Amino acid sequence: MAFSLFSPVTMDIKSELLEQLEIETVFEIPFIHVAVDEGTVVSWIIMAVLVIASALLTRNLKVSGKISKRQLVLEVCMDKLISFFSKILGKEGIKYMPWLMSMAIFTGASNMVGIFGFKPPTKSLQVTAAMAITSILLVEFAGIREKGLKKHIKAFAQPVAIVAPINLLELIIKPLSLCMRLFGNVLGAFIIMELIKSVVFLKLGVPVAFSLYFDLFDGFLQAYIFVFLTAMYVKEAVE
């Protein structure tokens, strides 16, 4: 009886899963012959939506007088975010908060876009790799800006010179860990959701509950972890 309960499947799970995991090319830029895949296109769509939403939410803001409910909500959210990042970054690193907030919003939106039928761009290794590399570039820029190039280079030999190779190796390990952690968690959640959807007896509302977890809660959790670790690296660089 247990076998018959799990046996009805509406599709070939293996072929469907491979199809969903494949990152297809949407179009090719002429003359330079550069292929643009769906992960890049969805990222562009998310960025366009976020830019338009930002323009609509921040228009007609006031510095005095009676403010709208929209502005009140925005100011409360900003106060909470400033308080959160101030504790992590410290006084020297707080200037990098706008970039971290932008990355958090983009990562969260990318992780939850599967609710609307799109493949999450963070399911593509090249997208998560690009995000990780830009994060580490920000960390190194922050260290050079706050301490100067000479002191920043000397910091790799602290507390003793023998640890310099290990500290230099972190330049590769940090972006690699950020990239693989985000990619692995998003990909794993995506695979689990596709397996759940493929089983007939789970289709009566159950996938919705799992979708709320994997697309919303887990998606925002991964965005939080990514930005939190980046903020910690920035704090370490500017100290």
Side-chain angles (χ1 to χ4, degrees), residues 21 23 34 37 39-40 42-43 46-47 80-112 120-192 214 217-239:
L21 291 176
I23 306 297
V34 175
D37 61 26
T40 304
V42 175
S43 297
I46 292 172
M47 287 186 286
K80 296 295 184 182
L81 289 171
I82 291 173
S83 176
F84 171 76
F85 281 108
S86 297
K87 295 177 182 178
I88 301 176
L89 296 170
K91 186 168 63 176
E92 294 83 5
I94 196 64
K95 61 175 69 71
Y96 305 103
M97 186 187 69
W99 189 93
L100 292 168
M101 289 173 57
S102 300
M103 182 62 73
I105 295 173
F106 173 77
T107 307
S110 298
N111 291 344
M112 63 172 288
T122 43
K123 185 175 65 67
S124 173
L125 187 59
Q126 64 184 20
V127 174
T128 57
M131 294 169 59
I133 291 172
T134 54
S135 296
I136 298 305
L137 288 177
L138 172 71
V139 172
E140 298 306 312
F141 169 78
I144 295 173
R145 181 181 180 183
E146 297 300 324
K147 296 185 290 189
L149 180 60
K150 187 175 181 180
K151 287 185 177 181
H152 183 66
I153 294 176
K154 284 184 176 181
F156 287 101
Q158 294 178 355
V160 290
I162 197 173
V163 301
I166 299 176
N167 290 333
L168 288 172
L169 192 60
E170 285 188 351
L171 295 177
I172 301 175
I173 295 175
K174 285 179 179 179
L176 184 62
S177 65
L178 286 174
C179 168
M180 298 308 296
R181 181 184 289 106
L182 180 60
F183 170 74
N185 281 284
V186 174
L187 181 63
F190 184 82
I191 292 174
I192 292 174
F214 287 116
F217 176 76
D218 188 63
F220 281 112
L221 178 63
Q222 298 309 319
Y224 169 81
I225 294 173
F226 186 92
V227 175
F228 177 80
L229 290 175
T230 304
M232 292 296 294
Y233 295 154
V234 171
K235 179 182 179 181
E236 182 182 353
V238 301
E239 282 182 342

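Excluded from the calculations below are hydrogen atoms, water molecules and symmetry mates; all remaining heavy atoms, backbone and side chain alike, are included. Here, residue 1 is the first one in the sequence, and each next residue gets the next number. Note that the structure is predicted; figures quoted are calculated from it, not measured.
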[X] versus [Y]: any side-chain heavy-atom pair under 4.5 Å?
X	Y	answer
Leu178	Ile136	yes
Leu100	Leu89	yes
Phe85	Val227	yes
Met97	Ile82	yes
Leu137	Ile133	yes

Can you give me the closest heavy-atom contact between [X] and [Y], atom names plus distance?
X	Y	answer
Phe226	Met103	CE2-CG, 3.8 Å
Ser43	Pro121	OG-CB, 3.3 Å
Ala104	Ala223	O-CB, 3.9 Å
Val139	Ala237	O-CB, 3.5 Å
Lys87	Lys235	O-NZ, 4.3 Å
Ser110	Pro120	O-CB, 3.4 Å

Interatomic spacing from [atom1] in [X] to [atom2] in [Y] - rounded to 0.5 Å:
X	Y	atom1	atom2	value
Phe106	Met47	CZ	CE	5.5 Å
Leu81	Ser86	CG	OG	10.0 Å
Gln126	Phe183	CD	CZ	10.5 Å
Ile88	Ser83	CD1	OG	10.0 Å

* Asked: Less than 4.0 Å between a side-chain N and a carboxylate O, is that true for Glu146 and Lys95?
  -> yes

* **Parallel, tilted or perpendicular: rings of Phe84 and Tyr224 (30°, 60°)** => tilted

* For Lys147 and Val238, run side chain to side chain contact (heavy atoms under 4.5 Å, CB included): C-alpha distance rounded to whole Å, both residues' side-chain angles, the deciding distance at 0.1 Å, then the answer. => CA-CA 7 Å; Lys147 296 185 290 189; Val238 301; over 6 Å; no

* Going by the side chain to side chain donor-acceptor pair (under 3.5 Å) test, name the single residue among Asn111, Thr128, Thr107 that passes it with Thr122. => Asn111

* Carefully, step by step, assess Thr134 and Trp99 under the rule side chain to side chain contact (heavy atoms under 4.5 Å, CB included). => CA-CA 11 Å; Thr134 54; Trp99 189 93; 4.0 Å; yes

